[in-house]
Structure formats: C-alpha cells, structure tokens
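Notes follow once the structure below has been shown.
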Amino acid sequence: MVIISQDMIKQFQTLMDSIDEPLKNTFENLHQGYPTEALVRFLKARDGNVPKAHKMLVDSLDWRIQNEIDNILLKPIVPVDFYSGIRDSQLIGMSGYTKEGRPVIAVGVGRSTYDKASIHYYVQSHIQINEYRDRIILPAATKKFERHISTCVKVLDMTGLKISQLGQLKLLTVISSIDDLNYPEKTDTYYIVNAPYIFSACWKVVRPLLQERTRKKVQVLSGCGKDELLKIMDYDSLPHFCRREGSGSGSSKHSRSSTSTDPDDQKIAQTIESECQKLSHQNGVADTVNEDKEKK
C-alpha cells in the first residue's frame, strides 16, 4: 500500500486552492472540518498520484453539485409509506462501535429485496445513508471517543441469499461505483457472515466488478463470525445475526468446498454467468441518477 507523504498532500492542497468557489463550498460538506484527511483518502484511492487524485476529487465535487448532494438529507422520499417500503426492503443499521471507536454498520444483504421502487430511489436512499454516516454518525463517534474517527466497518449478513436476487447486481454495481468514486476509504473492512454456498458462486462474479482496494477489504468469516468479530468489538456491538450459537448458516448442508464439482454447483455458476451477461455496462453514476430523474 502506498505511503501518503506530506509533499503529496501539499501538492494536492495547492491544486485545491485554485478550484472554483462552488466546489470549495461543497468540499466543506465533504470533509466535515478535516480537509487534510479528506485529501489523504482520495490520494489513497489513486495510489498517491496527485493529478489523478485531484481529478477524482473535483469530479466528485461536480457530482455533488449536479445531484444536490449537500441538500439530500433535506429531501425525504415521499410518501411516508413508500419510503418505509424502501427502508424495509434494504436492511441496514448501526449496531455499535468497534473497540477503536469505529461505527459498526450491519447490512442484511441476503434478506434485502430492493423490490419496492426503481433503482433511482434506492440510490438516493444509499446516498442519504452515506451522508448521514459522514455528517452525523462519524462526528458523534469522534466526540464520544475524543479522537477523530472517519471510517466504519460493515458486517454483511448473507442469510437467505438466493439466485433470484441476481437481478440486484445492477443496483449493487451502481452503489459500489458511487462509493468507490465519491466516498473512498470510508469503510475499513467488509465482514461477510452466514454465507451459504450460493455466496461463493456469486462472489466469483461480483468480485471482478469491485475496485482492487475494495476487494482487499473483504473478509469472509466462518459461520456467524461471532468469534472473529469479538476480537474487534464487544458483544453488545455485535449485529443480532452474529450472536447465534454454533457455526451459523454458513456451515449448513448447502455450504460446500469452493472446489466442489457437484452438478448443482455447476448449474448455479452457469445461471449466475448467464444472468450477469444480461446486465448492461454502467454509463457512470451521475448519468444513472440523472437518467432516473428524467423518467420521474
């Protein structure tokens, strides 16, 4: 991993000093009082290449302005019942903190259906969650633990994952692109728990879609992951789906070695590959958001 030097930061800061006022204003909302740390995040995302990091950040600031991200927390998804349906079909919440003070975000991936609205609304909801984390949760953690905390960890529960959910890959790819391009280095580690066999087949397809730096942060834990997670957080901070006794659904009869040649496994892999071929390539995050806006 590249080491970010003071010289890199100074060069980056010099470039940022010359950006337009609207970009400077939205940069303040992005860095939340810690501009240097924000520059370091974008430098890490571009392996210390200052010009590339500068372009990435400016593009992200343009994206924030074009999509009115600074005001997105003031834009409720209405009506209330519709918003409730969206929230209930994407299971996500905060379960506590790690021993180092990082918020623990629990995500019920396998049981999230994402079927109550178009992609646009789920993208909007995801961005709102990101902004709430950065503007509310992380500053609160910083105050609580009396030191700057700018990242979280995510625990992803794969219980209930089915082949029928492959249609969500387009949405998940868009969301992943948003995070890679506009919220880099905000998650330290992604812990996968309760992974049935189908996950390993899905992971082979999803893994290449992720940025390398994101792939390196993914850890697939055995069963419900309780023993491993208790090394970094107290029991009270464990997501509820990690508190099961025994090894959890990850070691059920559907959990097999990744080297298995069972005919059913081959069918699963073939089905996944077939479904993924149907997915069109993304034309860019801003285009996706704007395109859905135009359809409304």
Side-chain angles (χ1 to χ4, degrees), residues 26 29-30 32 60-95 103-141 151-162 164-187 190 192 206 209-210 214 239-241 279 282-296:
T26 197
N29 272 325
L30 183 150
Q32 289 292 304
S60 179
L61 297 178
D62 281 331
W63 172 80
R64 294 182 68 88
I65 292 173
Q66 291 168 12
N67 293 284
E68 301 178 348
I69 303 301
D70 290 342
N71 299 319
I72 199 166
L73 292 180
L74 303 176
K75 293 182 177 181
I77 297 175
V78 293
V80 175
D81 289 345
F82 180 54
Y83 173 71
S84 296
I86 291 175
R87 292 294 293 119
D88 290 343
S89 59
Q90 55 167 358
L91 307 178
I92 183 170
M94 180 180 160
S95 64
V104 179
I105 308 298
V107 187
V109 177
R111 289 177 173 160
S112 293
T113 57
Y114 301 101
D115 60 352
K116 301 301 182 183
S118 67
I119 283 180
H120 164 73
Y121 289 105
Y122 283 105
V123 169
Q124 179 182 343
S125 178
H126 178 76
I127 295 171
Q128 286 176 327
I129 292 169
N130 279 356
E131 291 294 313
Y132 187 81
R133 173 198 64 196
D134 292 351
R135 301 191 212 178
I136 307 296
I137 293 178
L138 291 174
T151 60
C152 66
V153 301
K154 292 185 178 180
V155 185
L156 312 180
D157 179 28
M158 297 297 163
T159 301
L161 191 67
K162 300 179 181 68
S164 59
Q165 292 170 282
L166 289 174
Q168 300 170 11
L169 280 178
K170 181 178 180 181
L171 169 62
L172 296 178
T173 302
V174 172
I175 287 176
S176 175
S177 296
I178 287 174
D179 289 348
D180 282 335
L181 295 174
N182 303 288
Y183 301 94
E185 303 298 322
K186 296 299 291 187
T187 301
Y190 299 85
I192 308 295
V206 174
L209 302 177
L210 303 176
T214 300
H240 68 88
F241 48 73
L279 298 176
Q282 303 304 317
N283 294 321
V285 174
D287 291 340
T288 300
V289 176
N290 290 331
E291 177 183 343
D292 283 322
K293 279 184 177 180
E294 292 171 1
K295 290 180 180 177
K296 289 196 299 178

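The main-chain N or O of Thr159 is found under 3.5 Å from a side-chain atom of Asp157 such that the two form a donor-acceptor pair. With Gln128 contributing its side chain and Ile77 its backbone, the two residues share no donor-acceptor pair below 3.5 Å. Of the possible donor and acceptor atoms, one in the side chain of Ser177 sits under 3.5 Å from a partner among the backbone N and O of Thr173. With hydrogens and angles disregarded, no donor-acceptor distance shorter than 3.5 Å links the side chain of Gln32 to the backbone of Ile136.
The distance from atom NZ of Lys154 to atom CE of Met94, rounded to the nearest 0.5 Å, is 13.5 Å. Distance check, rounded to the nearest 0.5 Å: CG of Asn182 to CD1 of Ile127 gives 7.5 Å. The structure places NZ of Lys75 at 7.5 Å from CD of Gln124, a figure rounded to the nearest 0.5 Å.
In this structure, Ser60 and Leu30 approach most closely via the heavy-atom pair OG-CD1, 4.3 Å. Between Leu138 and Thr151, the shortest heavy-atom distance links the atoms CD2-O, 3.6 Å. Taking both residues in full, the closest heavy atoms of Ile69 and Arg135 are given as O-NH2, 3.0 Å, listed atom of the first, atom of the second, then distance. In this structure, Asp134 and Pro139 approach most closely via the heavy-atom pair O-CD, 3.2 Å. Contact record, Ile86 with Lys116: N-CB, 4.2 Å, taken as the closest heavy-atom pair.
Remark: Ser95 engages Val104, Pro239 in a side-chain contact (heavy atoms from CB on, under 4.5 Å) (not counting sequence neighbours). In terms of the side-chain contact (heavy atoms from CB on, under 4.5 Å) criterion, residue partners of Ile129 (sequence neighbours excluded) are, by chain and number, Arg87, Gln90, Ile92, Ser125. In this structure Asn130 satisfies the side-chain contact (heavy atoms from CB on, under 4.5 Å) test together with His126, Arg133, Asp179, Tyr183, sequence neighbours excluded. With sequence neighbours excluded, the residues forming a side-chain contact (heavy atoms from CB on, under 4.5 Å) with Thr214 are Asp180, Tyr190, Leu210, Gln211, listed by chain and number. Taking Phe82 as the reference, Tyr121 meet the ring-ring contact (aromatic ring centres under 6.0 Å, His included) condition, with sequence neighbours excluded. Checked against side chain to side chain donor-acceptor pair (under 3.5 Å), Asp115 has the following partners two or more places apart in sequence or in another chain: Thr113. With sequence neighbours excluded, the residues that form a ring-ring contact (aromatic ring centres under 6.0 Å, His included) with Tyr114 are Tyr122. Under the rule for a side chain to side chain donor-acceptor pair (under 3.5 Å), the partners of Thr26 that lie at least two apart in sequence or sit in another chain are Arg64, Asp70.
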